[in-house]
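Nothing fancy with the numbering, it's 1 onward along the sequence.
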Amino acid sequence: MRFARSKRGLRLKTVDSCFQDLKESRLAEETFTVDEVADMLSGLQALVHSEVESELINTAHTNVLLLCQLFEQAERWYLKLRTDVSELENRELLEQVAEFEKAEFTSSRKKPIIDSTKPKLVPLNEGGTAELLNKEILRLQEENEKLKSRLKAIETQATNALDEKAKLEWALQALQLDRGKQEDLGKAQELSDLENTVAALKSEFEKTLSSRAENQKSLEETLVTAKHDLLRVQDQLSLAEKELEKKFQQTAAYRNMKEILTRKNDQIKELRRRLAKYEPED
């Protein structure tokens with residue numbers, strides 16, 4: 001309010017100076033025509049209009065900057081602010097603000113008297129919800145620092161692991177290079193051995209091919225004999241199964257099972273007959 005009051009006072013002095021300049025510069029003669037008076041009033045109107053418009057714009061922009069600061073502080077404290085624009089035109093509240101301003105600036109001209117009975121607001125960081133928020137923020141900051149330290153340690157471990165991995169890859173490449181040289185020597189020896197093996201296999205294959213024609217006929221005869229034996233065994237198995245089934249049917253267990261199945265079938269038929277009596281007709 002002191003800031004707004006000082007700005008308003010400066011603008012009023014500027015408006016007064018506009019009128020004073022007009023008096024000193026244009027009102028030197030005793031008589032004026034209507035056009036001259038209209039011209040002086042138009043010029044004065046333009047000056048006053050400019051000063052008032054500038055003051056209104058500056059006041060609005062100043063209020064916006066002030067609200068931005070308050071809102072930014074509220075965001076940092078995770079506060080939710082609510083505004084009621086209709087209260088800005090409440091005549092009763094505006095009159096109370098005017099009376100407060102008048103009383104405040106009237107008393108400020110006098111000797112200040114300390115009123116020990118007047119309640120004071122609790123500082124923002126010394127109690128209430130703000131204190132809890134402040135403690136929570138401090139706790140989160142400490143936890144954040146711990147997480148940063150832990151992350152730094154993990155990053156160090158990761159860096160060491162990457163360095164170790166690079167060393168192992170280099171050693172592996174060197175080992176593979178040495179192994180490649182040894183494999184080249186071994187491959188030459190293996191190629192020679194393989195050629196000798198192929199030659200031996202070729203000779204063996206030729207021998208086998210010559211003896212295969214001789215063995216093929218005997219194998220065919222053996223196959224025919226085996227087929228006859230298989231058919232004979234299958235006939236014997238079929239006869240044995242029939243004999244076994246006939247013996248099983250003659251056993252007491254088979255007869256008992258057959259009687260039980262017959263009784264169960266009769267019971268099912270009787271139940272179906274009884275249920276048919278209670279079923280609704282279509």
Side-chain angles (χ1 to χ4, degrees), residues 1-23 38-152 154-155:
M1 290 182 70
R2 284 194 295 269
F3 176 75
R5 186 180 179 88
S6 63
K7 298 290 291 184
R8 187 169 66 247
L10 291 176
R11 290 299 177 184
L12 290 175
K13 289 180 180 179
T14 304
V15 173
D16 292 338
S17 66
C18 292
F19 283 90
Q20 187 64 31
D21 292 340
L22 179 63
K23 291 178 182 179
D39 181 57
M40 286 187 293
L41 292 177
S42 297
L44 181 61
Q45 180 185 5
L47 290 174
V48 174
H49 180 275
S50 176
E51 290 295 332
V52 173
E53 182 182 17
S54 177
E55 174 60 20
L56 292 175
I57 293 173
N58 183 67
T59 301
H61 293 177
T62 303
N63 290 333
V64 169
L65 294 177
L66 178 62
L67 290 174
C68 285
Q69 294 180 8
L70 296 176
F71 291 157
E72 288 176 356
Q73 294 180 17
E75 287 180 353
R76 285 196 295 269
W77 287 95
Y78 304 98
L79 302 178
K80 296 182 179 180
L81 303 181
R82 296 179 180 177
T83 59
D84 189 358
V85 182
S86 62
E87 293 295 329
L88 299 179
E89 298 181 355
N90 190 329
R91 180 57 56 184
E92 182 179 356
L93 295 178
L94 292 175
E95 290 177 357
Q96 292 178 6
V97 174
E99 292 177 359
F100 173 77
E101 181 182 6
K102 183 178 179 181
E104 185 71 18
F105 285 97
T106 300
S107 61
S108 63
R109 296 176 183 176
K110 301 177 181 180
K111 185 177 179 180
I113 301 175
I114 300 176
D115 188 3
S116 60
T117 61
K118 185 177 181 180
K120 297 182 179 180
L121 294 176
V122 180
L124 186 61
N125 58 352
E126 292 185 4
T129 306
E131 182 179 4
L132 296 177
L133 289 174
N134 192 16
K135 290 181 179 180
E136 182 66 17
I137 290 174
L138 291 176
R139 186 186 68 80
L140 292 175
Q141 289 177 349
E142 292 177 357
E143 187 175 353
N144 190 22
E145 292 297 330
K146 293 179 181 179
L147 291 175
K148 287 182 178 179
S149 301
R150 185 177 179 184
L151 179 61
K152 187 175 181 180
I154 292 174
E155 289 178 351

Could you walk me through whether Thr59 and Glu55 satisfy the side chain to side chain donor-acceptor pair (under 3.5 Å) test, starting with their C-alpha distance in whole Å, then the side-chain angles of each, then the deciding distance to 0.1 Å, before giving a yes or no? CA-CA 6 Å; Thr59 301; Glu55 174 60 20; 3.2 Å; yes

Roughly how far, to the nearest 0.5 Å, is the CZ atom of Arg150 from the CD atom of Glu143? 10.5 Å

To the nearest 0.5 Å, how far apart are OG in Ser149 and CG in Leu151? 9.5 Å

Evaluate side chain to side chain contact (heavy atoms under 4.5 Å, CB included) for Val48 paired with Phe19, printing each intermediate quantity in order. CA-CA 9 Å; Val48 174; Phe19 283 90; 3.9 Å; yes

Rounded at 0.5 Å granularity, tell me how far CG in Asn63 sits from CG in Leu67. 6.5 Å

Charged N to carboxylate O under 4.0 angstrom, Arg11 versus Glu51? yes

Side-chain ion pair, Lys146 and Glu142, N-O less than 4.0 Å: no

Only one of Leu66, Val64, Leu65, Asn58 passes side chain to side chain contact (heavy atoms under 4.5 Å, CB included) with Thr62; say which it is. Asn58

Would the distance check show the side chain of Ser54 and the main-chain N or O of Ser50 forming a donor-acceptor pair, the cut-off being under 3.5 Å? no

Once you round to the nearest 0.5 Å, how far does CG of Asn90 lie from OG of Ser86? 8.0 Å

Once rounded to the nearest 0.5 Å, what's the spacing between atom CG of Leu44 and atom NE2 of His49? 13.0 Å

Separation of Leu147 CG from Ile154 CD1 (nearest 0.5 Å): 9.0 Å

Atom CD of Glu87: over 12 foreign heavy atoms under 6.0 Å: yes

Test side-chain hydrogen bond (donor to acceptor under 3.5 Å, both in side chains), reference Glu101, set Arg5, Arg2, Gln96, output is Arg5

Test side chain to side chain contact (heavy atoms under 4.5 Å, CB included) on Arg91 and Glu95; report intermediate values, then the result. CA-CA 6 Å; Arg91 180 57 56 184; Glu95 290 177 357; 3.6 Å; yes

Measure the shortest side-chain to side-chain distance between Met40 and Leu22 over non-hydrogen atoms and say whether it is less than 4.5 angstrom. yes

Enclosure of Gln45 CD (heavy-atom neighbours >12, cutoff 6.0 Å): no

